[in-house]
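Have a look at the structure below, then the notes.
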2 protein chains.
Amino acid sequence: MAKTKIGRNENLVLEALRDASGAPRTAYQLLETLRPEGLKAPLQVYRALKSLSERHLVHRLESLNAYLACSCTHGEGEEDGHALVFAICDGCGTVREFADPALGERVKALAAETAFTPRFAATEIHGTCADCRAG
Amino acid sequence: MAKTKIGRNENLVLEALRDASGAPRTAYQLLETLRPEGLKAPLQVYRALKSLSERHLVHRLESLNAYLACSCTHGEGEEDGHALVFAICDGCGTVREFADPALGERVKALAAETAFTPRFAATEIHGTCADCRAG
DNA sequence: TCAGTAATGTTATTACATAACGATCATGAC
DNA sequence: GTCATGATCGTTATGTAATAACATTACTGA
Ligand SMILES: [Zn+2]
Ligand SMILES: [Zn+2]
Ligand SMILES: [Zn+2]
Ligand SMILES: [Zn+2]
């Protein structure tokens, strides 16, 4: 079940996020960006973000209430354990996404030890990127 | 620098969270709970939560916009790498906190590979707990 | 006493997200 | 074709989470 087709609003939001390239955007920032394209209400953006998230084309950064275009392999395809990792620079705001199988395995093991059935996991690392450290 | 003393509001909020025992609470839920004790405005709760977070006595669950009393060893003391792990049951809402050094090490290694200086990391695992699975 | 600082209180506002309802547009069975 | 079905899209209103700005009170140590 291929989740039907991608709509106009989804495309607009996805493009806007890709243009941001590494910089997360909040839903309301996206709305402002896309007003010229005709978007008017938050719900249009939130619906698009939900759909795109389900397709793994964008990810939500929980600690920022913001969204990021996926830059990894899981894009269109299948689960890589759904263990996402994000390195968030608190200096410049850029976010780098990783697919780290080792960390995914550790999550699985931890879950198994406690009879917990994992469905999805995300790690958000806050810190300082190389550029910001260099000054 | 021991961060001064813990105040009345901090104590009220911390107690309320500990009473919940494994069940995360939102700031506004805490406010309702504590109205009988005299709390009236969100800011009172948010200030207490901020202070308690800095002392590592409570943690914020980013994916739930909710807060949980710390159940681990880092409580009063020092850093264990600040790599927190939470298993969040989407069935019953209970959350279990882990201190997992292996996962912390993996985060550090990943950061090192990319010249990223980590300050703090949290992993939130969504899934189903043993009780809910059993039915 | 009297400054300095930490804690608290109150009102208003901003930011993030969803509910509820209706209109539109495609698709495919008949 | 046409009619039902479901997906997409639009709008208004509302709910929920968090902070800004400013005033007040309480503790502490010259
Ligand atoms: Zn991705
Ligand atoms: Zn940076
Ligand atoms: Zn803890
Ligand atoms: Zn459960």
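By convention in this document, chain letters (A, B, ...) are assigned in the order of the sequence lines, proteins followed by strands, and residues within each chain are numbered from 1.
- Not counting sequence neighbours, the partners of B/Glu105 by the side chain to side chain contact (heavy atoms under 4.5 Å, CB included) test are B/Lys108.
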Expected list for residues 122-135 of chain B: side-chain donor-acceptor pairs under 3.5 angstrom, two or more places apart:
from: B/Thr123; atom 1: OG1; to: A/Thr123; atom 2: OG1; distance (Å): 2.7
from: B/Glu124; atom 1: OE1; to: B/Ser63; atom 2: N; distance (Å): 3.0
from: B/Glu124; atom 1: OE1; to: B/Ser63; atom 2: OG; distance (Å): 2.5
from: B/Glu124; atom 1: OE2; to: B/Glu62; atom 2: N; distance (Å): 2.7
from: B/His126; atom 1: ND1; to: B/Asp90; atom 2: OD1; distance (Å): 2.8
from: B/His126; atom 1: NE2; to: B/Ser63; atom 2: OG; distance (Å): 2.8
from: B/Arg133; atom 1: NE; to: A/Thr117; atom 2: OG1; distance (Å): 3.0

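- B/Glu10 has its CD atom 17 Å from the P atom of D/dA26, to the nearest Å.
- Annotation: side chain to side chain donor-acceptor pair (under 3.5 Å) contacts of B/Asn9 (sequence neighbours excluded): none.
- Across all strands, A/Gln29 comes closer than 4.0 Å to no nucleic acid atom at all (heavy-atom distances).
- At whole-Å resolution of the value, CZ in A/Arg25 and P in C/dA15 are 15 Å apart.
- Residues from residues 36-50 of chain B lying near DNA chain C, meaning a heavy-atom separation below 4.0 Å, are B/Lys40, B/Ala41, B/Leu43, B/Gln44, B/Arg47 in numerical order.
- Listed by chain and number, the residues in a side chain to side chain contact (heavy atoms under 4.5 Å, CB included) with B/Ala112 amount to none (sequence neighbours excluded).
- Summary for the helix from C/dT1-D/dA30 to C/dC30-D/dG1: the axes at its two ends, each from 5 pairs, differ by 20° when rounded to the nearest 10 degrees.
- At the phosphate of D/dA18, neither OP1 nor OP2 sits under 4.0 Å from any side-chain N or O atom of A/Asn65.
- In this structure, B/Arg60 places its CZ atom 12 Å from C1' of D/dT16, rounding to the nearest Å.
- Residue A/Arg8 contributes atom CZ, which lies 14 Å from atom P of C/dA26 at whole-angstrom precision.
- Between the side chains of A/Tyr67 and A/Arg25, no donor-acceptor pair of N or O atoms lies under 3.5 Å.
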